[in-house]
Amino acid sequence: MIFADKLIQLRKKAGWSQEELAEQMNVTRQSVSKWEGAQSVPDLERMIRLSELFNVSTDYLLKDEIEDAGCSIPSDETKASALRRVSMEEANVFLSVKMRTSKSIALAVFLCVLSPICLLILGAVSEIPEYGLTDYAAGGIGMIVLLIFLAVAVAIFIASGRKTAAYDYLEKEVFEPEYGVSGMVAERKAKYNETYTRNNIIGAGLCIMALIPFFGGAIFNDKDELLLMVMLSVSFILAGIGIVFLVSSSIVWASYEKLLQEGDYSKEKKEKQPIVTAISAAYWLIITAIYLGYSLFTNNWGYSWVIWVVAGVIFPSIIVIINLFGRKKS
């Protein structure tokens, strides 16, 4: 039996796909496909890695005349000793990618926040006969602009996600950093701490002060709906800028925690990650559905944003309850 056939047999016995084996080997799926298609052979270092991964000898992998693997599916101890290792180069590339995508994702969130502004202003304009804009035209144009903003934001989210997809294991799996990686990341995290704190202060301050223009407009002229919508739009812009500071710095900070396996990405929390992720995704999908359903049905976009504030306050409590339940179960 040649090496390619042995590799296919071992991979299937372990229950892995080509993608999963590629992740274990820190190579691309195409490389695994070429190995199994007898188009290429791994170098000696990766051959040794394969022997450790499948608990077989290198002689079995290299010599066609040896048919008996004399192996079993890797035990928990074997898997623990064969954790994916993160090199200095890989850590630096990951941090560089996250630094770039943090700005892109923050921009996408900013577009989402700005998306209803046109709908709000045109809705108020349609109430003024002098402008000659009907409710249907205002609603139609406003929704078109809103959907364009959301489409661009989603495109940015997807593109950013693709750039970091190769590093998803840092968030989900326990790994072992190579010598010097943890020290380098900890040093960069310490240097970024001042920027992170400053951005959080600016972002939180802008989000709080974003309500001032809206309430200020209501105080001085509560009957001019167009003025109120313009001031509310200013509030959206200020809140969006604040969110940009919060999101961009949080993404960079989280990248350090992922590499150091600290905070929400500690080894203990990774074991509960699938549950928390599923609940979080379901929660925000439900909130989004409630927000859009209520806003479209009542056309009360000027106040429906409060749903997000309430949801944001409740969400941490839900995570705390999940963590407490997890500790009690343990």
What's the separation between atom [atom1] in [X] and atom [atom2] in [Y], rounded to the nearest 0.5 Å?
X	Y	atom1	atom2	value
Phe3	Tyr60	CZ	OH	10.5 Å
Glu19	Leu21	CD	CG	10.0 Å
Ser233	Leu228	OG	CG	10.5 Å
Lys12	Ser17	NZ	OG	12.0 Å
Leu10	Leu61	CG	CG	6.5 Å
Glu257	Leu170	CD	CG	13.0 Å

Residue pair [X] / [Y]: nearest heavy atoms and the distance that separates them:
X	Y	answer
Ser104	Ile156	O-CG2, 3.2 Å
Ser102	Val252	OG-CG2, 3.7 Å
Cys112	Phe157	SG-CE1, 4.2 Å
Pro42	Leu50	CG-CD1, 4.0 Å
Val174	Gln261	CA-OE1, 3.7 Å
Ala4	Glu36	CB-O, 3.4 Å

key: side-chain hydrogen bond (donor to acceptor under 3.5 Å, both in side chains) between Thr28 and Ser31, worked out   = CA-CA 5 Å; Thr28 63; Ser31 296; 3.1 Å; yes
message = My understanding is that only residues two or more places apart in sequence, or in another chain, count here; which of them pass ring pair (Phe, Tyr, Trp, His ring centres under 6.0 Å) with Phe149?
response = none
message = One pair to check against side-chain contact (heavy atoms from CB on, under 4.5 Å): Glu20 and Gln24. What are the steps and the verdict?
response = CA-CA 6 Å; Glu20 289 170 327; Gln24 294 286 340; 5.7 Å; no
[X] with [Y], same ILVMFWY side-chain cluster at under 4.5 Å:
X	Y	answer
Leu133	Ile121	yes
Phe54	Met47	yes
Trp35	Ile48	no
Leu246	Ile241	no
Val154	Leu119	no

Checking [X] side chain against [Y] main chain: does a donor-acceptor pair fall under 3.5 Å?
X	Y	answer
Ser250	Val247	no
Ser96	Asn92	no
Lys163	Val97	no
Arg11	Trp16	yes
Ser235	Ala210	yes

ask   = Looking at Glu23, Arg29, Gln30, which hits side chain to side chain donor-acceptor pair (under 3.5 Å) with Gln18?
value = Arg29
Do [X] and [Y] have side chains that approach each other closer than 4.5 Å (heavy atoms only, starting at C-beta)?
X	Y	answer
Thr195	Ser249	no
Ser182	Leu260	yes
Leu206	Val244	no
Leu259	Pro177	no
Thr58	Leu44	no
Met25	Val32	no
Glu127	Asp135	yes
Lys6	Val56	no

ask   = Taking the six-membered ring for Trp, are Trp253 and Tyr196 parallel (under 30°), tilted (30 to 60°) or perpendicular (over 60°)?
value = parallel
ask   = side-chain contact (heavy atoms from CB on, under 4.5 Å) between Val27 and Arg46: does it pass, once the steps are laid out?
value = CA-CA 10 Å; Val27 297; Arg46 290 196 171 94; 3.0 Å; yes
ask   = Should we count OH of Tyr167 as having more than 12 external heavy atoms under 6.0 Å?
value =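 More than 12 within 6.0 Å, yes.
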task = Under the side-chain contact (heavy atoms from CB on, under 4.5 Å) rule, what do Met209 and Leu238 come out as? Steps first, then yes or no, please.
result = CA-CA 8 Å; Met209 292 189 296; Leu238 289 176; 5.7 Å; no
ask   = Given Asn199 and Tyr192, is the side-chain contact (heavy atoms from CB on, under 4.5 Å) satisfied, shown in steps?
value = CA-CA 11 Å; Asn199 287 351; Tyr192 188 74; 4.2 Å; yes
request  = Give a yes or no on whether a salt bridge exists between Glu45 and Arg49, defined as a side-chain N under 4.0 angstrom from a carboxylate O.
outcome  =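 Not counted as a salt bridge, because no side-chain N and carboxylate O are separated by less than 4.0 Å.
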